[in-house]
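Structure, as structure tokens:
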Amino acid sequence: MVSFLQSPLPETIAELEDQIALIEETQGQCMRTIRELMAREDPMHGVAFPAEIHELHQQKNMLETHKEFRKVRIRRLRFQESGR
């Protein structure tokens, strides 16, 4: 898991946007790994990766939630800046 997800959300838009980019990159890695595992599955020979695929889907969904939190924070910061 990406280490900065353990920390509180940053207070600047630039940092939040950087984190969103890292999250999207990690999500892409999850999807690539899922596709690779699915391509390697061979039910006829008992080769399957259900637990690994499920875990990667869960991780991808968790990352999406973290990304949305950061988008909300960016909108809030922009709203606060426009109100000044």
Side-chain angles (χ1 to χ4, degrees):
M1 180 172 20
V2 186
S3 62
F4 65 79
L5 296 178
Q6 307 290 336
S7 306
L9 290 177
E11 294 295 326
T12 67
I13 292 173
E15 287 178 301
L16 290 163
E17 288 173 340
D18 289 344
Q19 287 187 357
I20 287 172
L22 289 172
I23 289 169
E24 288 173 344
E25 182 180 319
T26 306
Q27 283 180 306
Q29 290 171 350
C30 285
M31 287 307 300
R32 284 188 294 278
T33 305
I34 289 169
R35 282 193 293 272
E36 288 170 10
L37 289 172
M38 291 176 78
R40 289 178 32 208
E41 287 186 322
D42 185 359
M44 296 297 287
H45 295 100
V47 177
F49 306 99
E52 293 87 348
I53 291 170
H54 176 74
E55 179 64 31
L56 286 163
H57 275 292
Q58 294 288 67
Q59 183 177 355
K60 186 180 79 62
N61 292 337
M62 179 266 310
L63 289 167
E64 185 64 31
T65 301
H66 281 281
K67 184 169 77 170
E68 290 303 314
F69 279 136
R70 281 151 180 78
K71 287 180 178 181
V72 168
R73 175 67 63 96
I74 288 171
R75 284 193 296 273
R76 186 177 304 131
L77 290 171
R78 287 188 174 138
F79 177 75
Q80 289 173 348
E81 288 175 358
S82 69
R84 292 182 183 172

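Please read these numbers as outputs of a predicted model, since none were measured by experiment.
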Residues 44-58 vs salt bridge (charged side-chain N to carboxylate O under 4.0 Å, His left out), sequence neighbours excluded, gives none

Students should find that the hydrophobic cluster of M44, defined by side-chain heavy atoms under 4.5 Å apart, otherwise consists of none

Is it possible for you to say whether L5 and L9 belong to one hydrophobic cluster, with membership spreading through side-chain heavy-atom contacts below 4.5 Å? no

Quick check: do M38 and R35 have side-chain heavy atoms less than 4.5 Å from each other? no

Q: Check the pair R76 / Q80 against side-chain contact (heavy atoms from CB on, under 4.5 Å), numbers first and verdict last.
A: CA-CA 6 Å; R76 186 177 304 131; Q80 289 173 348; 3.9 Å; yes

- Are any non-hydrogen side-chain atoms of H57 and I34 less than 4.5 angstrom apart? yes

Residues at least two apart in sequence or cross-chain that pass side-chain hydrogen bond (donor to acceptor under 3.5 Å, both in side chains) with E11, listed by chain then number, are R73

*asked:* Please tell me whether V47 and L37 are part of a single hydrophobic cluster in this structure, the criterion being side-chain heavy atoms less than 4.5 Å apart.
replied: yes

### Query
Above 12 or not: heavy atoms from other molecules or residues under 6.0 Å from CE of M31?
yes

Sorted by chain and number, sequence neighbours left out, side-chain hydrogen bond (donor to acceptor under 3.5 Å, both in side chains) with T12 holds for E15

K60 meets the salt bridge (Lys or Arg N to Asp or Glu O under 4.0 Å) criterion, sequence neighbours left out, with none

For F69, does the CZ atom have more than 12 heavy-atom neighbours from other residues, nucleotides or ligands under 6.0 Å away?
no

Sorted by chain and number, sequence neighbours left out, side-chain hydrogen bond (donor to acceptor under 3.5 Å, both in side chains) with E17 holds for R78

Side chain to side chain contact (heavy atoms under 4.5 Å, CB included) filter on E24, not counting sequence neighbours, yields I20, Q27, K67

For A48, the side chain to side chain contact (heavy atoms under 4.5 Å, CB included) test, sequence neighbours excluded, returns E41, P50

The side chain to side chain contact (heavy atoms under 4.5 Å, CB included) partner of M62 among Q58, H66, E64 is H66

Scanning both residues in full, the closest heavy-atom pair of R70 with L16 reads CG-CD2, 3.6 Å

Residues passing the salt bridge (Lys or Arg N to Asp or Glu O under 4.0 Å) test with E25, sequence neighbours excluded, are none

Nearest heavy-atom approach of L56 to T33 is CD1-CG2, 3.5 Å

